[in-house]
Amino acid sequence: MQRVTLKDKTFVPYITSDKILASVKVMAQKINADLSDDMPLFLVVLNGSFMFAADLLKEVTIPCEICFIKLASYHGTSSTGTVTEMIGLTEEIKGRTVVVVEDIVDTGITLEKLVTLLTKKEVKQIKVASFLLKPEAYTKTLKIDYVGMEIPNEFVVGYGLDYDGLGRNMKDIFVLDKK
Ligand code: 5GP
């Protein structure tokens with residue numbers, strides 16, 4: 001694998017597509033075993049998760065539904081400051097098992113906001129599947145049920161993840177070259 005330059009930054013090869021797919025398969029097998037009786041609704045958080053979600057859900061063989069959402073933040077008029085909103089959820093989720101599909105969990109702030117929104121909708125249970133997790137950066141206590149790989153606190157691109165809009169289409173994962 002070659003290093004890649006995206007705008008002003010250079011990235012070096014980090015996780016190959018083969019390793020990614022092997023790990024995604026293991027995640028799917030665990031989900032298949034755990035949730036076979038739940039008819040889960042997979043909630044794919046765009047944009048970054050599109051590639052992971054496609055690979056994961058090809059390996060999920062239990063009955064399920066899939067929905068794609070986006071999170072939008074805006075400054076509300078209330079004193080709470082930034083308000084996070086979920087866009088694109090059309091399914092009724094009350095009483096259901098929801099599996100949040102994330103590309104990466106860093107501090108966990110985004111995930112916690114989403115889980116708060118889902119809890120208000122009285123779901124039966126929330127499971128979280130994130131392909132990448134940065135344990136050193138994670139500040140929350142919420143359990144991530146399915147993790148593909150743990151990585152150090154470094155900036156990565158590829159496999160859906162971007163740098164300033166670029167790099168999402170790369171099938172391997174690259175890490176920022178600090179040199
Ligand atoms: P958190 O709220 O957990 O700190 O951050 C979550 C979001 O930050 C992810 O969904 C992703 O969009 C972005 N992010 C965090 N770490 C990385 C990274 O290493 N590379 C890229 N491309 N995005 C990241």
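Positions are given from 1, in the same order as the sequence printed here. Each ligand, and each atom within it, is numbered from 1 in the order the structure gives.
For Leu111, no heavy-atom contact with ligand 1 is shorter than 4.0 Å. Of all the heavy atoms of Glu154, the ones lying under 4.0 Å from any atom of ligand 1 belong exclusively to the backbone.
Atom 19 (O) of ligand 1 is flagged as protein-proximal [any protein heavy atom, distance under 4.0 Å].
Ion pair Asp38/Lys124 flagged as a salt bridge, since at least one NZ, NE, NH1 or NH2 atom sits closer than 4.0 Å to an Asp/Glu carboxylate oxygen. Taking 4.0 Å as the cut-off between side-chain N and carboxylate O, Glu65 and Arg96 count as a salt-bridged pair.
Atoms of ligand 1 lying under 4.0 Å from any heavy atom of Leu161, numbered from 1 in the order shown and given with element: 21 (C), 22 (N), 23 (N). Residue Lys134 has at least one heavy-atom neighbour below 4.0 Å for each of these atoms of ligand 1: 16 (N), 17 (C), 18 (C), 19 (O). Near Ile109, with a cut-off below 4.0 Å to any heavy atom, the atoms of ligand 1 are 2 (O), 3 (O). Atoms of ligand 1 lying under 4.0 Å from at least one heavy atom of Asp103, given by number and element, are 10 (O).
Asp106 OD2, 3.3 Å is the protein heavy atom nearest to atom 15 (C) of ligand 1. The protein atom (non-hydrogen) at minimum distance from atom 22 (N) of ligand 1 is Asp162 O, 2.7 Å. Nearest protein neighbour of atom 7 (C) of ligand 1, counting heavy atoms only, is Thr110 OG1, 4.2 Å.
There is no path of hydrophobic side-chain contacts, each under 4.5 Å, that joins Phe68 to Leu43.
Taking the side chain as every heavy atom from C-beta outward, Val156 and Tyr14 approach each other to under 4.5 Å. Side-chain contact check for Tyr159 versus Asp172: every heavy-atom pair is 4.5 Å or farther apart.
Between Val156 and ligand 1, at least one N/O pair is under 3.5 Å apart. Polar contact with ligand 1: present for Gly108 (N/O pair, distance under 3.5 Å). For Tyr163, no nitrogen or oxygen atom sits less than 3.5 Å from a nitrogen or oxygen atom of ligand 1, counting backbone and side chain alike.
Rounded to the nearest 0.5 Å, atoms CG (Leu142) and CD1 (Ile144) are 5.5 Å apart. Of the inter-residue distances, the one linking Glu112 atom CD with Ile109 atom CD1 reads 8.5 Å to the nearest 0.5 angstrom.
Taking all heavy atoms of Ile104, Thr107, Val157 into account, the minimum distance to atom 24 (C) of ligand 1 is reached by Ile104.
Annotation for Lys140: atom NZ counts as buried by contact number, over 12 foreign heavy atoms lying within 6.0 Å.
The aromatic ring centres of Phe52 and Phe131 sit less than 6.0 Å apart.
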